[in-house]
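Single-structure report; data block below.
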Amino acid sequence: MKIEDNIETFNSLIRRRGFIWGPSPEIYGGLAGFYSYGPAGIEIKNKILSLFRRELRAFGFVEVECPTIMPEIVWKASGHLERFIDPVLRCEKCNTLVRADKFLQENLPDQMIDGLSYEQMENLIKNNNLVCPKCESPLNKIEEYNLMLKTSVGNNVTAYLRPETATTTYLLFNRLDQDARRQYPIKVFQYGKAYRNEISPRQQVLRMRAFDQFELQLFIGKDQEMDFEEFHEIKKNKIPLLDWKLQDKKSDKPNLISLEEAIKKGVLKKPAYAYCIYLGFYLTKILGFSNEVIRFRQHSPNEKAHYADDAWDLEVKTQQFGWVEICGIHDRTDYDLKRHGEFSNQNFEVIMNSDSQIKEIPQILEIAFGPDRIIYTLLENAFEVEDGRINLKLNPNLAPNTVAVFPLVKNKENIMALALKVHKNLLMHRISSFYDAAGSIGRRYRRQDELGTPFCITIDYESLEDNTITLRDRDTMQQTRIDILKVPEILIGKLSKFTS
RNA sequence: GCGCUCGUAGUAUAGUGGUAGAAUCUCAGGUUCCCAACCUGAGGACCCGGGUUCAAUUCCCGGUGGGCGCACCA
């Protein structure tokens, strides 16, 4: 079979090799927007998660985990109930669905639409004789389209599956305040599933109805945001920033400037927010993305979410879908805590600075990653076809298998035995080793290339005599002979080179 | 959600009103050995439901899933 260097080859690879399958459940035809990870895919996800967890601990973060279902009041307070339910008009004849508010604004540009009741909107439609844009039959009743998945709990208590993890973290605020002994900023993250009832999910795992979020939160004082100690440790780092003024000038070339400069020029307002930009960048870089495929894009004022004062997306360039957001950095101000304080009758004002004695509600800065999107963009960026060889150039620390062990031939007892011994020894050192004796040696190398396995070890006739093996490098295909006893040590050494 | 279009082994496909043919793949055996070699044998598929028909994977209708366009993407 001729292997072509195109996106179709990539798309079949991620199925063939067990990275991502779906829509699930496949045997029943699938439900749009739901996908499963195969053994190779989940291995990558787990490795990303443990890398993130390890790094974040070093940055002073703690982790929490909350329920994925929360009662209605939570989403009333968070603003999601209001913002995630869209008024829509359905044509009774052709079933076309249009957003009622947008439709009205387009047809009646001079009319104030914001804030109108459904009844008022229905009247506007009637009075202006507005008709279905497709089939021109009359429109009348407004329905609600709910982007949140609704369910009921126990004795008919209305609840919703969370559309983001962040809100559930905020609900722990008074607990965290105590737990962290009021040492601000409080740095906390949560990893878990979130759900959105997308009207028409597309683009594979980039827009799923059940997806992972990995969200970092900083609870921080207003003064602290402007005078943030840790900013000074990272301010010299240059970051590719595409602010919305540049976008307004139809530019898609980000400015590579230091965070210090960005603050000085007013591209970024707050040093603590700049620190969050850095943190997002840092975590992305250690996954192995190259600088050329990363940029930060600022939201235009009308693109921002209801809670955001400033918002930048960390985007990664892909072949199939263009620039893809893998992380959003949001300045949520005190919006969330203020609302949850009001709705729950809690006082979330705290004294954050012992000098001032002034009580305030903390501000929140958020760094929200979408691990599924990370995995997709990582795989697509790693995919290469070189001379008919598929090579998945994954960061060695993220590859499903760290190493594969092969006996050169399978009809020589002692070569097989020694290969198995090497494999078991690697497993004993808790190195992800994969043993394979089936097919020619070349075929086995190719199988591992498709999985991104950075190293292959082959035991040959020479191994029997002098206790050496060959270590083959995925990208260069070069082989080196090394002492059999030093194998685990050498591999660990090679891996550590990619972590910093 | 609307319109167009498509849905055949794990993957990518050929084809047909009388249930499918290669390739690759997987497994077993043989042979050789350092980059998808070869030989032998085996395995595996017509998205789901209904209709028309003696007979449907094929035609029709509905559903569902994918692609594209529109809409949507706080």
Side-chain angles (χ1 to χ4, degrees), chain A residues 1-4 6-18 21-35 38 75 78-86 88-91 93-99 102-103 106 132-135 143 145-148 163-164 196-204 206-209 299 302-308 311 320 325 328 330 386-391 406-412 415 438-450 456-463 469-474 476-479 481:
Chain A
M1 184 167 51
K2 193 159 184 278
I3 294 167
E4 293 187 36
N6 57 31
I7 205 71
E8 285 75 26
T9 308
F10 170 76
N11 287 336
S12 76
L13 175 76
I14 63 176
R15 292 165 170 275
R16 242 175 352 102
R17 285 295 175 213
W21 291 317
S24 303
E26 288 186 285
I27 61 165
Y28 289 108
L31 190 56
F34 296 93
Y35 286 83
W75 309 113
S78 72
H80 286 91
L81 207 51
E82 199 179 321
R83 303 290 176 147
F84 267 49
I85 295 184
D86 295 329
V88 293
L89 287 159
R90 187 186 295 278
C91 171
K93 200 162 174 200
C94 72
N95 219 21
T96 289
L97 212 60
V98 292
R99 271 274 299 262
K102 292 205 170 182
F103 176 73
E106 256 165 48
C132 170
K134 266 257 151 59
C135 71
E143 300 174 23
Y145 187 86
N146 191 349
L147 230 43
M148 283 196 291
E164 62 163 19
R196 286 179 201 182
N197 194 16
E198 300 282 355
I199 293 181
S200 60
R202 275 187 203 180
Q203 304 187 315
Q204 301 168 18
L206 297 189
R207 245 173 95 199
M208 291 199 283
R209 284 175 165 146
H299 281 200
N302 54 15
E303 188 183 356
K304 278 183 301 199
H306 61 280
Y307 48 68
Q320 195 161 209
E325 175 197 355
H330 306 121
E386 305 157 337
D387 299 324
R389 174 177 80 113
I390 292 176
N391 188 17
F406 312 139
L408 183 62
V409 291
K410 65 172 170 178
N411 60 354
K412 294 283 177 293
I415 289 185
S440 76
I441 191 75
R443 176 191 298 274
R444 283 176 271 162
Y445 284 140
R446 299 303 166 88
R447 281 191 193 124
Q448 294 307 314
D449 292 342
E450 292 191 342
C456 292
I457 285 171
T458 301
I459 285 78
D460 56 15
Y461 295 99
E462 216 178 312
S463 310
I469 51 92
T470 64
L471 184 67
R472 180 250 196 196
D473 181 89
R474 179 191 66 201
T476 63
M477 299 203 287
Q478 301 271 307
Q479 295 181 35
R481 279 209 93 81

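Throughout, a chain's letter reflects where its sequence line sits, starting with A, and its residues are numbered from 1.
- If you check every strand for non-hydrogen atoms under 4.0 Å, A:K410 touches a base.
- As judged by a 4.0 angstrom heavy-atom cut-off over every strand, A:L147 is placed among residues making no nucleic acid contact.
- The side-chain contact (heavy atoms from CB on, under 4.5 Å) test applied to A:T458 returns A:F406, A:L408, A:I441, A:Y445, A:T470, not counting sequence neighbours.
- Atom CD of A:Q448 and atom P of B:rA36 are 15 Å apart (whole Å).
- Using Watson-Crick or G-U wobble geometry with both donor-acceptor distances under 3.5 Å, B:rA23 finds its partner in B:rU11.
- For the P atoms, the distance linking B:rU5 with B:rA9 amounts to 23 Å, nearest Å.
- Applying the Watson-Crick and G-U wobble criteria (two distances, each under 3.5 Å), B:rC68 pairs with B:rG3.
- One interatomic measurement links the two molecules: CG of A:N6 to P of B:rU11, which rounds to 17 Å at whole-angstrom precision.
- Rounded to the nearest Å, the gap between the P atom of B:rG18 and that of B:rG69 is 37 Å.
- Nucleotide B:rA56 forms no Watson-Crick or G-U wobble pair with any nucleotide shown, as no partner meets the under 3.5 Å limit on both distances.
- Nucleic acid contact for A:E26: none, since no nucleic acid atom lies under 4.0 Å from a heavy atom of the residue.
- Proximity of a side-chain donor or acceptor of A:N146 to a complementary backbone N or O of A:M148 within less than 3.5 Å is detected.
- Of the C1' atoms belonging to B:rC48 and B:rG66, the separation is 15 Å, rounded to the nearest Å.
- With sequence neighbours excluded, the residues forming a side-chain contact (heavy atoms from CB on, under 4.5 Å) with A:D473 are A:F455, A:D475, A:T476, listed by chain and number.
- Between the side chain of A:T470 and the base of B:rC34, at least one donor-acceptor pair of N or O atoms lies under 3.5 Å.
- Between the side chain of A:R472 and the base of B:rC34, no donor-acceptor pair of N or O atoms lies under 3.5 Å.
- Here A:N411 reaches the OP1 or OP2 of B:rU32: one of its side-chain N or O atoms lies under 4.0 Å away.
- For A:T9 and B:rA12, a side-chain-to-base donor-acceptor distance below 3.5 Å is absent, hydrogens and geometry of angles not being considered.
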Protein and nucleotides 13-15 of chain B: nitrogen or oxygen contacts under 3.5 angstrom:
none

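- Here the shortest heavy-atom pairing between A:R207 and A:S200 reads NH2-O, 3.8 Å.
- Regarding contacts with the backbone of B:rA36, a side-chain N or O of A:R446 is found under 4.0 angstrom from either OP1 or OP2.
- Rounded to an integer number of Å, the gap from CG of A:D460 to C1' of B:rC34 is 8 Å.
- For A:R196, the side-chain hydrogen bond (donor to acceptor under 3.5 Å, both in side chains) criterion is met by no residue, not counting sequence neighbours.
- Summarising the base pairing, B:rG17 is matched to no nucleotide, lacking a Watson-Crick or G-U wobble pair whose two defining distances lie under 3.5 Å.
- Using the Watson-Crick or G-U wobble rule with both distances under 3.5 Å, B:rA74 pairs with nothing in any strand shown.
- For the C1' atoms, the distance from B:rU24 to B:rG44 is 13 Å, rounded to whole Å.
- The gap from the C1' atom of B:rG21 to that of B:rU58 amounts to 16 Å, rounded to the nearest Å.
- Comparing A:Q320 and A:I469 against RNA chain B, the residue whose closest nucleotide sits nearer the 5' end is A:I469.
- Across the protein-nucleic acid pair, A:I27 atom CD1 and B:rA9 atom P stand 15 Å apart, rounded to whole Å.
- Residue A:F103 is classed as having no contact, given no heavy-atom separation below 4.0 Å to the nucleic acid.
- Counting atom types as modelled, A:E198 pairs no side-chain N or O with a base atom of B:rC73 as donor and acceptor under 3.5 Å.
- Using Watson-Crick or G-U wobble geometry with both donor-acceptor distances under 3.5 Å, B:rA37 finds no partner in any strand shown.
- Closest contact between the side chain of A:S12 and the listed nucleotides B:rA12, B:rC34, B:rA36 involves B:rA12.
- With sequence neighbours left out, the salt bridge (charged side-chain N to carboxylate O under 4.0 Å, His left out) criterion links A:R17 to A:E450.
- Counting any heavy atom pair closer than 4.0 Å across all strands shown, A:R207 reaches a base atom.
- Heavy-atom nearest nucleotides on RNA chain B were determined for A:H80 and for A:R444, and the one closer to the 5' end corresponds to A:R444.
- Counting heavy atoms from C-beta on, the side chains of A:D460 and A:R481 come closer than 4.5 Å.
- For the ring pair (Phe, Tyr, Trp, His ring centres under 6.0 Å) test, residues two or more places apart in sequence or in another chain that qualify with A:H80 are A:W75, A:F84, A:H306.
- For the P atom pair drawn from B:rA37 and B:rC25, the interatomic distance equals 8 Å after rounding to whole Å.
- Using a 4.0 Å heavy-atom cutoff across all strands shown, A:D449 reaches no nucleic acid atom at all.
- To the nearest 0.5 Å, atoms CD (A:Q203) and CD (A:E198) are separated by 10.5 Å.
- The shortest heavy-atom contact between A:I459 and A:I457 is CD1-CG2, 3.8 Å.
- Regarding contacts with the backbone of B:rC73, a side-chain N or O of A:R99 is found under 4.0 angstrom from either OP1 or OP2.
- The salt bridge (charged side-chain N to carboxylate O under 4.0 Å, His left out) search around A:R446 returns none, not counting sequence neighbours.
- Residues passing the side-chain contact (heavy atoms from CB on, under 4.5 Å) test with A:T9, sequence neighbours excluded: A:I3, A:E4, A:N6, A:F383, A:I390.
- Residues A:H330 and A:A311 share a closest heavy-atom pair of CD2-CB, 3.6 Å.
- Taking 90° from 0 as the syn/anti boundary, the base of B:rU19 is oriented syn.
- In this entry B:rC46 has no Watson-Crick or G-U wobble partner, no candidate having both defining distances under 3.5 Å.
- For A:R447, the listed nucleotide lying nearest its side chain is B:rU26; candidates were B:rU26, B:rA74, B:rC73.
- Going from the P atom of B:rC59 to that of B:rA14 covers 15 Å, rounded to whole Å.
- Residues forming a ring pair (Phe, Tyr, Trp, His ring centres under 6.0 Å) with A:F103 (at least two apart in sequence, or on another chain): none.
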Protein-nucleotides 56-67 of chain B N/O pairs closer than 3.5 Å?
from, atom 1, to, atom 2, distance (Å)
B:rG65, OP1, A:A32, N, 3.1
B:rG65, O4', A:G29, O, 3.1

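- Taking CG of A:L89 as the reference point, atom CD of A:E143 lies at 8.5 Å (rounded to 0.5 Å).
- The separation of B:rC6 from B:rG43, taken at their P atoms, amounts to 34 Å, rounded to a whole angstrom.
- For A:Q320, the side-chain contact (heavy atoms from CB on, under 4.5 Å) partners are A:I7, A:N11, A:Q204, A:Y376, A:E380, not counting sequence neighbours.
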Just the table, please: protein N/O against nucleotides 37-41 of chain B N/O, every pair under 3.5 Å.
from, atom 1, to, atom 2, distance (Å)
B:rA37, OP1, A:R443, NH2, 3.2
B:rA37, OP2, A:S440, OG, 3.1

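- Using a 4.0 Å heavy-atom distance criterion, A:E450 is classed as a base contact.
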